[in-house]
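Chain letters run A, B, ... following the sequence lines, proteins first, then strands; residues in each count from 1.
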Protein chains: 2
Amino acid sequence: MQNGLEPASVTIRDVARAAGVSITTVSHVLSGHRPTGELTRHRVLAVVEQLNYRPNRVAQSLATRHTRTVGLILPDILNPFFPQLVHAIERSAIHAGYRLLLCHTDSLESLERECLEDLVARRVEGVIYMRGTAAPNPVLERLAEEHFPLVVLDEEVPGLVAPGVYAMNRLGGRMAARHLWQLGHRDVGVIGGPRGLVSVCDRVQGFQETYRRLGAPVPEERTVFTGFSVHGGQEAGRGLLLRHPELTAVFAANDLIAFGVIQAARELGRSVPGSLSVLGFDDVTTAAMVDPPLTTVRQPIRRMGSEAFRLLMGQVRGTWEPVRRQLPTRLVERGSTAPPERVRAVSAAGGATPPRSPGA
Amino acid sequence: MQNGLEPASVTIRDVARAAGVSITTVSHVLSGHRPTGELTRHRVLAVVEQLNYRPNRVAQSLATRHTRTVGLILPDILNPFFPQLVHAIERSAIHAGYRLLLCHTDSLESLERECLEDLVARRVEGVIYMRGTAAPNPVLERLAEEHFPLVVLDEEVPGLVAPGVYAMNRLGGRMAARHLWQLGHRDVGVIGGPRGLVSVCDRVQGFQETYRRLGAPVPEERTVFTGFSVHGGQEAGRGLLLRHPELTAVFAANDLIAFGVIQAARELGRSVPGSLSVLGFDDVTTAAMVDPPLTTVRQPIRRMGSEAFRLLMGQVRGTWEPVRRQLPTRLVERGSTAPPERVRAVSAAGGATPPRSPGA
DNA sequence: TTGAAAGCGCTACCAA
DNA sequence: TTGGTAGCGCTTTCAA
């Protein structure tokens, strides 16, 4: 207790000695891997209790070659989307007897690589990889090639052959578009997240493709990109609204951005949804709590998390197979979207009002 | 690659053989723990590179008796307060070469105990313990007695002699009270978090003690307790406002509860802050983004996290000492608090208006 | 039903 | 400047 170097806890050897049996025996009464005499069993257990012995999991891991640990690489714990995802994963993990080793990368590619290396060196049995950058990651590629247990979650890695779980982002983008269209919005803007992220492309493209088909393609200069953050959304929103005051609605690639857009709109004296509709993506818990509750495209976060863990376990104790699971999104209508002012005005003036009917 | 049992990665032995040197040498060129010949150094490094050798951290840990891992016990990752705390801790940890092993307890005492045991068995070098329940925890007590490196964070454990980092909760409660008082609120309610939590007692008592001193003690039936959640706040808020429609302000023991109270107020047709002022605690990131931006007592989350890790490291490589660090809170005024209607009405009617002047 | 002993992959002491 | 080797604390054959 005095020296700082040696916690010197009680070992299996101590137990064996105190119980007057062999180490082997202690090991087996504890693991139940082979029958033991009733008598010795009780003697050993008593000693274990008395000495408060707990097997050293490090030594166990070295001997058995498994650590009952899974590595988690995540880009941004401050985005509430990820804690929700982590929560789901952790529930599955605990249930399966696994623990999570956390690696926060701040969306930095260099950190992603380092973390991955470190996790492997620590002999985690698998990794759930959530990226925050579009940069290629050689370490990740190597692991995938070696069929190291790995599942990519949320953000797809282009070109990587590995199991993954994603939301139907393109579909989500389409849902967003259809919703705004039906409300009567014709002048819409889009604020995507970090350029190059597959999820961003999909959401944005799904949105644009729908508007194009409906006959009102979104002009290129009405689509901008920014970071997945409130601040990013605020900046980008301000710029977009300043350059295009004619916009009546904005689709944001995630909720954080949407929050920022709402703030920007207010600064510019535009009420939401009165003068501007805002639509988000994720359906983070707080989405229901912000000023006008946010209309958003919900990702099935819980299912994504548990499915990811399930896939990982499949690999850990079984065959590797690059399954690609896509989970459906759905639109959650709340208070941040409404028909554009013009349409409402017309409606109020009376009469049926198919918004900008094709022939008009 | 076929068999599921043996990842059989390359070991130090392989490197030694391939480089034509001893295992010892390989170990030392990698650790730098002793000088090595320029030539052999390069040879070894080349082989390491070529074989893509990475030392097995499990084996290292067993040999060196350190894991470069810290355990984190946290009650509720869905409360944004904790991700923010985790973020701060993780920054310090990564900087010091440590990794975080995550244990989510869902505020369950049984899980807290299990996690603690498991973390110790996994030989983490220390534990940062954030509790979510008021239940006593024998395992924790044992660890503290044994001077196992441990720091209690955020939520104090009564009677436990161990290092800890906390916000000045009582002070925070006082700040909240003074603010509402100065705005002119005389009929106030309090919604605490889980009964028995020290932080809750401190915040509530700080608040009440101030109102008492100012001559308007808060009647007991205007103080209620609930879970640290939006839902809890909503339920409790609804009940309180229904029973006491005369209240003009509510102090909530954390931001989540405050959010819930705001929702409850709306349901009851009361605007915030027009007809009801709401004050929170924590200053979670989203506090600035909700409907009326939340006036709240800010905890110095980042500093709490980094200080906790610093204290832990102090114990890991040094002397145990039950330091108790308390960090100051401060009031952040935003939009959810305002003078009560009566006062505003009177003010508008003209004339100086010491709210409910003692002689009135 | 029990034990001896050979690892698991490293570190670090002791020699050379 | 280098190597042999005894652990670290456990699991698991193989024998008894």
> Hey, is the side chain of A/Arg123 poking within less than 4.0 Å of OP1 or OP2 on C/dC8, counting only N and O atoms?
Replying inline: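 Checking C/dC8 against A/Arg123, no side-chain N or O comes under 4.0 Å of OP1 or OP2.
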> Reckon A/Thr25 has a side-chain N or O less than 4.0 Å from the OP1 or OP2 of C/dG3?
Replying inline: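 Checking A/Thr25 against C/dG3: at least one side-chain N or O falls below 4.0 Å of OP1 or OP2.
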Roughly, in whole Å, what's the span from [atom1] in [X] to [atom2] in [N]?
| X | N | atom1 | atom2 | answer |
| --- | --- | --- | --- | --- |
| A/Leu39 | C/dT2 | CG | C1' | 13 Å |
| A/Leu62 | C/dT11 | CG | P | 12 Å |
| A/Arg54 | D/dG9 | CZ | P | 17 Å |
| B/Arg122 | D/dC10 | CZ | C1' | 15 Å |
| A/His42 | C/dT2 | NE2 | P | 13 Å |
| B/His66 | D/dG9 | NE2 | C1' | 16 Å |
| B/Arg41 | D/dT1 | CZ | P | 11 Å |
| B/Arg17 | D/dG3 | CZ | P | 14 Å |

Below 4.0 angstrom, N of the basic side chain to O of the carboxylate: do [X] and [Y] qualify?
| X | Y | result |
| --- | --- | --- |
| A/Arg113 | A/Glu109 | yes |
| A/Arg325 | A/Glu307 | yes |
| A/Arg324 | A/Glu156 | yes |
| B/Arg91 | A/Asp106 | yes |

>> Per the ring-ring contact (aromatic ring centres under 6.0 Å, His included) rule, what does the pair list look like for residues 57-89 of chain A, sequence neighbours excluded?
In response: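 As it turns out, the ring-ring contact (aromatic ring centres under 6.0 Å, His included) pairs with a partner in residues 57-89 of chain A, which skip direct neighbours, are A/His87-B/His104.
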> Does anything in residues 108-135 of chain A pair up under ring-ring contact (aromatic ring centres under 6.0 Å, His included), and if so which pairs, sequence neighbours excluded?
Replying inline: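 Checked against ring-ring contact (aromatic ring centres under 6.0 Å, His included) - neighbours excluded - no pair reaches residues 108-135 of chain A.
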>> Strictly under 4.0 angstrom, non-hydrogen atoms only: write out the protein contact profile of nucleotides 11-16 of chain D, one letter per nucleotide from the 5' end, B, S or -.
In response: BB-B--
> With nearest nucleotides of DNA chain C determined for B/Asn56 and A/Gly37 from heavy-atom distances, which residue corresponds to the more 5′ nucleotide?
Replying inline: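 The residue closer to the strand's 5' end, by nearest nucleotide, is A/Gly37.
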> Across the strands shown, which category fits A/Val21 at heavy-atom distances under 4.0 angstrom: base, sugar-phosphate, nothing?
Replying inline: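 Answer is sugar-phosphate: A/Val21 comes under 4.0 Å of backbone atoms only.
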>> Report for the helix from C/dT1-D/dA16 to C/dA16-D/dT1: angle between first-end and last-end helix axes, five pairs each, rounded to 10 degrees.
In response: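 Helix axis angle between the two ends: 40°.
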>> Please determine whether the number of non-hydrogen atoms from other residues, nucleotides or ligands lying under 6.0 Å from atom CZ of B/Arg317 exceeds 12.
In response: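 No, CZ of B/Arg317 has 12 or fewer neighbouring heavy atoms, counting only those of other groups under 6.0 Å.
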In a table with atom names and distances, give each donor-acceptor pair under 3.5 Å that connects a side chain of residues 18-30 of chain A to protein atoms at least two apart or in another chain.
from: A/Ser22; atom 1: OG; to: A/Thr24; atom 2: N; distance (Å): 3.3
from: A/Ser22; atom 1: OG; to: A/Thr25; atom 2: N; distance (Å): 3.1
from: A/Ser22; atom 1: OG; to: A/Thr25; atom 2: OG1; distance (Å): 3.2
from: A/His28; atom 1: ND1; to: A/Thr24; atom 2: O; distance (Å): 3.1
from: A/His28; atom 1: ND1; to: A/Arg34; atom 2: NE; distance (Å): 3.4

> Which residues pass the salt bridge (Lys or Arg N to Asp or Glu O under 4.0 Å) test with A/Arg13, sequence neighbours left out?
Replying inline: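 Listed in chain order: nothing, the list is empty.
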